[in-house]
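Since the model is a prediction, treat every value here as computed from it, not as a measurement. All chains are named by letter (A, B, ...) in the order of the sequence lines, taking the proteins before the strands, and each is independently numbered beginning at 1.
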Protein chains: 2
Amino acid sequence: MTAPARRSGRPRESVLTRELIMNTALRLLDERGEQGAGIREIARELGVRPSALYNHVRGQDDIIGGVRELVSDRIDTSGFGVLPWNEALHRWALSYRNAFAAHPPTIALLAVRPLEPGLRTNHMYDEVCEGLIEAGWPIERVLTVIVSLESFVLGAALDEAAPDDMLDPGEGAGLPHFRSAYVARARELETRGISASGLAFHTGLDVMLAGLSAEFAALVAAKSPLVR
Amino acid sequence: MTAPARRSGRPRESVLTRELIMNTALRLLDERGEQGAGIREIARELGVRPSALYNHVRGQDDIIGGVRELVSDRIDTSGFGVLPWNEALHRWALSYRNAFAAHPPTIALLAVRPLEPGLRTNHMYDEVCEGLIEAGWPIERVLTVIVSLESFVLGAALDEAAPDDMLDPGEGAGLPHFRSAYVARARELETRGISASGLAFHTGLDVMLAGLSAEFAALVAAKSPLVR
DNA sequence: ACCTGAACACCGTTCAAGT
DNA sequence: ACCTGAACACCGTTCAAGT
């Protein structure tokens, strides 16, 4: 098996790496679900004693932070500056949600913990801020817009990670409106070939961007008296 | 202290109740944070051995489910049927978020776990469905609208539970746009006397309801050729 | 510097033994 | 029926001892 045939003392060459630990953690998370990221689990997979990890990693929180960086590296900010702000936001939110959806077990793990100010994360925010500021958004509104959109993305990712039958009126009597809405949606989902959480995500995203566009248009109109 | 002066054997009258356990769990959660809901922690607070809880509760998941019911009982569906659908949704979302915000440590705990189909929760969904259906929303859209709004509410609650300095460009160089957006928002927050997460929530909620109202108006217009 | 091995202080849960 | 007490199978983390 993976029993450590290694005896005590420093090995001739290092077996572990910080990067190797993080990658293994993410892989186990995907393969085995939320409890796959345990120190002992990772150690066993790497053929090593749990305590060995502490030579490369500060502890469990450090590992989770590393996994988060791996996942959020997939967030796409390339639209800002080249596309209209609302399309750039759309691409950003979509890739944000897809990054987490690609690793469902990480969502519950990562969404909950506050992200310590990582350099790469902060750089991502800087790029989004730049895009919105250049597009003409009032600077004091920028972070509020970002955070509200981000809240939706994370909430939608959580919904995606939940089991499909979570929202279900069941078989019994009662709940007539819930039930009829449920079957009507099921039919809709089948004909469109999309998941319930996927449709809710796209709907919410479109709705938010439509609302933001309306606010933006009103701001522009108020600033340019010509249109009045 | 709270050392159990009780000796073995069945007590003359029951010390525990399912309800008492749930209430204690919620209180400890509020007082001590996320790890307050541990079986051993609750048992100590109640002056009882951990194993005693298992006479009234199936286990930890059962307790968390009970806490969720306590919290989500505060969700207000009274607007449906009496207010316009968008105002009823606004009241619902606001109370939904406030219910969790009143117990910050529960957010991370509850948002992550799929809610097993509780009767009271399902009844809540039934009321919201009824309100939207009666207002004239296409029945196959109803659940999608609810879920997308709910995703935002939960995401915003998560954001609320996170530490305030989570999003912070820091002191160093670089990140100029992030930094200037940050100080501009800080000034805005101070003059309006509101928290960052509070403003993001209200902004997102307004934006979503504006977007939904636009979609609804378009649906109504498409159905009544008179306006064409 | 980087591993093993033992130990520590925790968990949730089960179950026989008591009354 | 409902509690105690002991036990079980887990955690993450620390640290001396090895090479």
Consider the side chain of [X], meaning its heavy atoms from C-beta on, and name the nucleotide among [options] that approaches it most closely.
{"X": "B:P11", "options": "C:dT4, D:dC3, D:dT4", "answer": "D:dC3"}
{"X": "B:L16", "options": "D:dC3, C:dG12, C:dC3", "answer": "D:dC3"}
{"X": "B:Y54", "options": "D:dC11, C:dG12, D:dG12", "answer": "C:dG12"}
{"X": "B:I39", "options": "D:dC2, D:dT4, C:dT13", "answer": "C:dT13"}
{"X": "B:R6", "options": "D:dC11, D:dT4, C:dC11", "answer": "D:dT4"}
{"X": "B:S8", "options": "C:dG18, C:dT4, D:dG12", "answer": "C:dG18"}

Is the closest basic N to carboxylate O distance between [X] and [Y] below 4.0 Å?
{"X": "B:E45", "Y": "B:R32", "result": "yes"}
{"X": "A:E41", "Y": "A:R44", "result": "yes"}
{"X": "A:R187", "Y": "B:E140", "result": "no"}
{"X": "B:D62", "Y": "B:R18", "result": "yes"}
{"X": "A:E188", "Y": "B:R141", "result": "no"}

Spacing between [X] atom [atom1] and [N] atom [atom2], to the nearest angstrom:
{"X": "A:L53", "N": "D:dC15", "atom1": "CG", "atom2": "P", "value": "17 Å"}
{"X": "A:R58", "N": "D:dT14", "atom1": "CZ", "atom2": "P", "value": "12 Å"}
{"X": "A:D62", "N": "D:dT14", "atom1": "CG", "atom2": "C1'", "value": "17 Å"}
{"X": "A:R18", "N": "C:dA1", "atom1": "CZ", "atom2": "C1'", "value": "17 Å"}
{"X": "A:I42", "N": "D:dT13", "atom1": "CD1", "atom2": "P", "value": "11 Å"}
{"X": "A:L28", "N": "D:dC11", "atom1": "CG", "atom2": "P", "value": "13 Å"}
{"X": "B:N55", "N": "C:dT14", "atom1": "CG", "atom2": "C1'", "value": "12 Å"}
{"X": "A:Q60", "N": "D:dT14", "atom1": "CD", "atom2": "P", "value": "12 Å"}

request  = Give the intermediate values and the outcome of side chain to side chain donor-acceptor pair (under 3.5 Å) for residues A:Y125 and A:E130.
outcome  = CA-CA 8 Å; A:Y125 285 119; A:E130 179 179 13; over 6 Å; no

For [N] and [X] - does any side-chain N or O of the residue sit under 4.0 Å from the phosphate oxygens OP1/OP2?
{"X": "A:S51", "N": "D:dT13", "result": "no"}
{"X": "B:R49", "N": "D:dG5", "result": "yes"}
{"X": "B:H56", "N": "D:dA1", "result": "no"}

request  = If C:dG12 has a Watson-Crick or G-U wobble mate with both distances under 3.5 Å, name it; if not, just say none.
outcome  = D:dC8

query = With both distances kept under 3.5 Å, what pairs with C:dA1, Watson-Crick or G-U wobble?
reply = D:dT19

message = Let me spell it out: for each of A:V15 and A:R40, pick the nucleotide of DNA chain C with the closest heavy atom. Which residue's pick is nearer the 5' end?
response = A:V15

message = Given the structure, check if the side chain of A:R10 and the base of D:dG18 hold any donor-acceptor pair shorter than 3.5 Å.
response = no

